[in-house]
Structure formats: C-alpha cells, structure tokens
Protein chains: 2
Amino acid sequence: MSTIRDVAKLAGVSTATVSHVVNNSRTVRPETRKAVLDAIKRLNYRPSAIARSLTTNVTRTIGVLVANITSPFFAALVRGIENRLEAYGYQLIVCNTDEQASREARYLDLLLARRVDGMIIAPTGEPQPLWRDFVAHNIPLVFIDRKPSEPCGPVIALDNFAAGYAATEHLIRLGHRHIAILVRSPMLSTVVGRRDGYRQAFRDYKLPLDESLIYVSDYALEAAHETAQRLLTTSPWITAIIATNHTMTLGVLEALQEQYIKYPDDVSLVAFDDNPWHLLVTPPLTSIRLPIQELCDAAVTTLRAALEKKSARADARALPDVFVKAQLIARASCRKI
Amino acid sequence: MSTIRDVAKLAGVSTATVSHVVNNSRTVRPETRKAVLDAIKRLNYRPSAIARSLTTNVTRTIGVLVANITSPFFAALVRGIENRLEAYGYQLIVCNTDEQASREARYLDLLLARRVDGMIIAPTGEPQPLWRDFVAHNIPLVFIDRKPSEPCGPVIALDNFAAGYAATEHLIRLGHRHIAILVRSPMLSTVVGRRDGYRQAFRDYKLPLDESLIYVSDYALEAAHETAQRLLTTSPWITAIIATNHTMTLGVLEALQEQYIKYPDDVSLVAFDDNPWHLLVTPPLTSIRLPIQELCDAAVTTLRAALEKKSARADARALPDVFVKAQLIARASCRKI
DNA sequence: CTGTTAGCGCATTCAG
DNA sequence: CTGAATGCGCTAACAG
C-alpha cells in the first residue's frame, strides 16, 4: 500500500504538504494541491488510520458494549447510536458480551489497548475493575440502559420504576389483585427499578403484596420458558402476568400455549419491549414501549459532551444522568376483572 | 498512559526485552522476566494495539458489513461470526449499511484505512469499486448470505433456489395453484434464487405460472405492508402467499389482519426466517429455517483459509463457495385445498 | 506558501 | 540471554 512518502515523491513535494492537503490543515497553492491530489489518485493512496492515530493520539473510535446483540432492543440501540455518531465522524466497535461479565472484561481490555476515544456500555451487572482504568486515562464512559454497579460515568436509562409502576397500575385499575411479575436477576438496575415500581403500585393502592409472585429467571429463552411454566403451575390463582423483557414475553406465551391457558380470559398480560409482532398475536399484547431513539440521542449527546470536557480537562464524570419515560400501549391482552 | 519505555526503565532492561516478555517471543531469564512483569503491573502498562499494528502490519481485526443489524437474521449472523472469530484472537468491526450502497462504500473506505486483516460482507446488491482495492492489497473478502454483483471472493450463502422451490412445492402439493410470492429487489442474489426456485416448481409440476403474482417490495416494514395490501386487493383469488423474509412476513400478517382475512382458511402462508414468535401467532407459521450457525461456521472457516493463503501469497479468490440448505418447518399456516 | 525534522509506541534486526 | 538501533506512516513544530 502506498505511503505518504510515495505521494510526496510523485508530486514533487514534501510529506508535510501532502499531509496538509489531505487534512486541509494549511493553505496550499492551488497548483501544488492539484499535483498532490493527482498523485494521490494515481497511487490510490489512502492514509493509514493506524499511523495517524499513533501520532495524534486520537482514534475517532467509540467502543460499544451490549449485553445481547440478538435482542431487538439492543440491536435497535446499536443502530441508533451508530447513526448518530457517524454524523460526527466516529466509528463504532460493537462488542457483544452475551451477558457474561468475563466477556465484558475481555472486551474492555481489548478496547483499552485499541485506545478508543470513548465508550458506551450496557453493563452485564457485575462491577468491572477496568472501568477505573478508562476513567484514569480520561476516556469517557457512558452507561446505557443499565446503571453500573459502581459509578464510573453518566447513565442514560429508562425510568424503570415508572415503567414497572405503570404496568402494575394498569392491571390494578382493571381490577387485578394477584399479579405475577417475571424478572431477571436483581443485579440489574432495570430489574430493580421495574420490580420496585411494581411493589410501590401495590402500596399506593393499599393492596397486599405477595413477594412470592416475583419470579426470577435467567435471560435465556429456555430459562424464561421454564420459569413461566413454574409460575403457572405454582401460582395458578394469579390473574395477570407482567413480562419484563422480550425473552420473558416469549417464554410466557409459550407456557400459556402449552398449558392451553387463554389470555386475556384466564390471565391478563403486559409485555415490556414493544415489537411489531405484538400486534400480530391473538389478541394483540399490551406493551411497554421503550423510547429507543431518545436513549440513543441522550447517550450520544452525553458522550460528545464528555469528549469535549475531556479536552478541556474537566471531570467527565460530572455529567448528568438522563432518564427517559416509557409508554404503555394498551391493547387487548388485559381484561377487566 | 505508560509506554514500553517506562516499563523498560523501571525494570532496568531494554525495551526489546519488555517486548519479548510481553509477546513470549524469545527466552528471557526468569528473574528478568519477573522484573518486567512487576514493572508492567506497577505501571498498569497495556501495549498499544495501534503502535503494534503499525510495526507488524497486522491488526487482527475483521470488518463485518451487514445490511440491517435490526433484522434477527443478521443480528444472529453477527453474533455467530463474533463467537467463532474471537476464539482465533480476532476482533470485529461491525458496520450496519442499512441496505444503502453509499453507506457500504463509506464503510469499505473506512475499513481499508484501518487496515483490517479481512472482511465478511453481506453486500447491498450494487457493485462496489472498493472491493477491487481490498483484493489488490491482498485483504481477503468473504461474502455472506448474498452473492456480490462482481466476484471478488468466496460466497457463503443459502441454497436459495432450493429454499424457494421447497416453499412452493409444499404449497403445490397441498393443492395450491395460485401462489403469490413477496420478494425484494431482484438485484439481490437471495431474491433471484428464491424466485427462480418458485418458478421452477411450477414448471416441474406442469402448472401455469402467473408472473404477476411475483410482488416486489422495498425492504422497509411500511413498504412490505403496502405491497401486501396491494397483493391482497389486486389478486384476491390467490390461495397462498410466500413471504421471503422477516419483514415481508410482518407486512403480510398486518395486511391480513386489517382486511380480516384468516389464514389458513382464506389463504395459506409460508414465511422465510424462522423466529420464536412464529410459534405464537395463531395458527403458528410454516417457516423456512435458515441454518445460521452453518453459515457462520463456513464463513469463518473460509476467511481463515483466505488469511492463511494470503501469507502464502496464493490467490485467496480461489477458495470455494459454500451453499447450505434451509429447512422447511411445516406448521399450521398452510392448509390442503 | 513549503520543507526539514523529530517523534508517536512498538517489533525486530543485528551485535554482543 | 540481552541491548542498541532502525523504521512502520503519519502529524506537528519550527524554519525558511
């Protein structure tokens, strides 16, 4: 691959001039510029991002860690972040941690070695010592969707408490008293928020809260499925279920189908993470729609602010958290009781 | 961030020794090695992947271009490729082209500048001049899912002809004669294959083929939806529909629902891209399951072979294409007629 | 307006 | 077994 020196030689100028033509970093006489551009074209020269990064100490790369790229929610998040960030000339390195803290750690290490300019992280839940290294090296961290177990940067997330509350309140108002909720490990801030919103709704409506109706499951579809089966057999008196994510929703619907339990007749349903197919099952699902676009916008805005501050040597950790509201979309999967 | 020189100084050795300790590239006296490792730990030294790439001319990075990261199919593809490739110490830079040739071109340019070691590409359909540059610089290209419009590397794809044939034959055997098929632009090899398989099935069964039942739609959900509506109103006599991807399936189901058309009573349905929710709609969808794992395996194996060959200065283009078979899963969305 | 030069952080000869 | 020296491709002073 031809280098800046090849171009300089061919154009009969110095490498400095070539560099300045390429980067528009100082005025170059039109004829000189043309000679350089011609040489560049003839040699099919393409500056090495590697070499450039080495000298400038800037990679224009943002590391993105998501817990599960096959989840529609995270996939949409990645797409949104990429679209907004590319407008500012940043490129993403997306890594899929698959909900494993060990993978998260490995990727943090790799991305640190690659000297990314910043990170957007949906953490797995466990604290990561490497976060501190990023902070120590002034590489801003922005957490998205989930709060880190240790504060190492601003958080952009859903108001999970409100969302959990809204789902529960919707059912309570329809007359439900025995509402089960399917959640993941309470190590995740999303889970804590949604569960506590659920609890608070019961308190506010002065209804007895049965903690045993909070079912905890692993994130895999099979696990969600099994937990849903268990839920239906051990607590058959419940009249409603809240599934707190996409996989839980699938698991619940599978279990209902197997046990010939009809919704909303036998049990009402509220699903988190709205999806196109929620409209296509019979009857359509009442869902909590997460404002993905807003999350992406806020994450990118915050990250950019952090990158700015960094150059100004201020403390990037001082940026404010952002919480966005979800929206309950009432459809036919919940009935009055 | 501390450098190799800081470590060398602290350990009282040369940078060469530090380098060799880090890379295990020559025998170092145990005490020396220990001194180096201690210094590394104390300084929290982390070699710069940038600098290393500059000297070695290797990035251990693979560029991955997918058409639409929010599609369950491509998301699963990315996940599979990442899982297999990380075992060999490669990292991915995943880029979402959003089905736009211009974005594909921009990303090719960026990844070339970043000197990736290889590429896995699901092309948008239009030929990309930059492919030639990769080939010229001996950076192997592996195409996945879709054939490139110009042969620039091995192709790992579905046997789309067989899949289209299987879907159509399934319906023909059930007695259907008026079968509509919803496809994307025939610029895509996947579309051509599926469509031609459809045609061939009619020929083989000596049935008249109505070309006007091949409906072409853009890939967006709204477009698929509108095309499905049009299909149902302009060709109401059809007794079956084949939706050739995830979005088309959603569009068809939406249109059926709006027009109160029941499947399989009024119209039978075959959907490409099996998804968990296909089991949860009523009745469950007969689907074509794509062997994603096999695609990923073959792509990674082929890429690794190409990377090997490259070092051996052989022609990486000479690697064989791989075609894998899809599987039709008969469920209740098709009825006998 | 342009050229010279000195690194950026590392791997890798070649000597010892 | 170890060190000194060179260069990867580029940008950024500094000089002219």
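This structure is a prediction, so every number in the text was calculated from the model and none was measured. Residue numbers begin at 1 in each chain, while the letters A, B, ... track the order of the sequences.
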Identify, with sequence neighbours excluded, every residue that meets side chain to side chain donor-acceptor pair (under 3.5 Å) alongside B:Arg52. B:Asn23
Using a 4.0 Å cut-off on heavy atoms, which residues in residues 16-41 of chain B reach DNA chain D? List them by number, or say none. B:Ala16, B:Thr17, B:Arg26, B:Thr27, B:Val28, B:Arg29, B:Thr32
Run the side-chain donor-acceptor check on residues 104-114 of chain A: report pairs under 3.5 Å with partners two or more places apart or on a different chain.
unit_1: A:Glu104; atom_1: OE1; unit_2: A:Thr124; atom_2: N; d: 3.2
unit_1: A:Glu104; atom_1: OE1; unit_2: A:Thr124; atom_2: OG1; d: 2.7
unit_1: A:Glu104; atom_1: OE1; unit_2: A:Gln128; atom_2: NE2; d: 3.2
unit_1: A:Arg106; atom_1: NH2; unit_2: B:Glu86; atom_2: OE1; d: 2.5
unit_1: A:Tyr107; atom_1: OH; unit_2: A:Arg103; atom_2: NH2; d: 3.3
unit_1: A:Tyr107; atom_1: OH; unit_2: B:Glu82; atom_2: OE2; d: 2.5
unit_1: A:Tyr107; atom_1: OH; unit_2: B:Glu86; atom_2: OE1; d: 3.3
unit_1: A:Asp109; atom_1: OD1; unit_2: B:Arg46; atom_2: NH1; d: 2.3
unit_1: A:Arg114; atom_1: NE; unit_2: B:Gln91; atom_2: OE1; d: 2.7
unit_1: A:Arg114; atom_1: NH1; unit_2: B:Thr61; atom_2: OG1; d: 3.1
unit_1: A:Arg114; atom_1: NH2; unit_2: B:Thr59; atom_2: O; d: 3.2
unit_1: A:Arg114; atom_1: NH2; unit_2: B:Thr61; atom_2: OG1; d: 2.4

Among pairs that include at least one residue of residues 21-30 of chain B, which meet salt bridge (Lys or Arg N to Asp or Glu O under 4.0 Å), considering only residues two or more places apart or in two chains? B:Arg29-B:Glu31
Leading and trailing nucleotides of DNA chain C with any atom under 4.0 Å from heavy atoms of chain A: C:dC1 to C:dG9
Can you pull out how bent the helix from C:dC1-D:dG16 to C:dG16-D:dC1 is, comparing the axes over its first five and last five pairs, to 10°? 40°
DNA chain D-proximal residues of residues 2-14 of chain B, any heavy atom under 4.0 Å: B:Gly12, B:Val13, B:Ser14
Listed by chain and number, what are the side chain to side chain donor-acceptor pair (under 3.5 Å) partners of A:Ser14, not counting sequence neighbours? A:Thr17
For a quick test of reading the model, state the closest non-hydrogen atom pair linking B:Ala299 to B:Ile120 and the distance between them. CB-CD1, 4.4 Å
For residues 69-79 of chain A, please give each side-chain donor-acceptor pair under 3.5 Å, one per line with the distance, not counting sequence neighbours.
unit_1: A:Thr70; atom_1: OG1; unit_2: A:Asn68; atom_2: OD1; d: 2.7
unit_1: A:Ser71; atom_1: OG; unit_2: A:Phe73; atom_2: N; d: 3.2
unit_1: A:Ser71; atom_1: OG; unit_2: A:Phe74; atom_2: N; d: 3.3
unit_1: A:Arg79; atom_1: NE; unit_2: B:Asp98; atom_2: OD1; d: 3.2
unit_1: A:Arg79; atom_1: NE; unit_2: B:Asp98; atom_2: OD2; d: 3.4
unit_1: A:Arg79; atom_1: NH2; unit_2: B:Asp98; atom_2: OD1; d: 3.4
unit_1: A:Arg79; atom_1: NH2; unit_2: B:Asp98; atom_2: OD2; d: 3.2

Sequence neighbours excluded, the answer for ring-ring contact (aromatic ring centres under 6.0 Å, His included) partners of B:Phe143 is B:Trp131
Tell me, please, which residues at least two apart from B:Asp38 pass salt bridge (charged side-chain N to carboxylate O under 4.0 Å, His left out). B:Lys34
Under the salt bridge (charged side-chain N to carboxylate O under 4.0 Å, His left out) test, residues paired with A:Glu150 that sit two or more places apart: A:Arg132
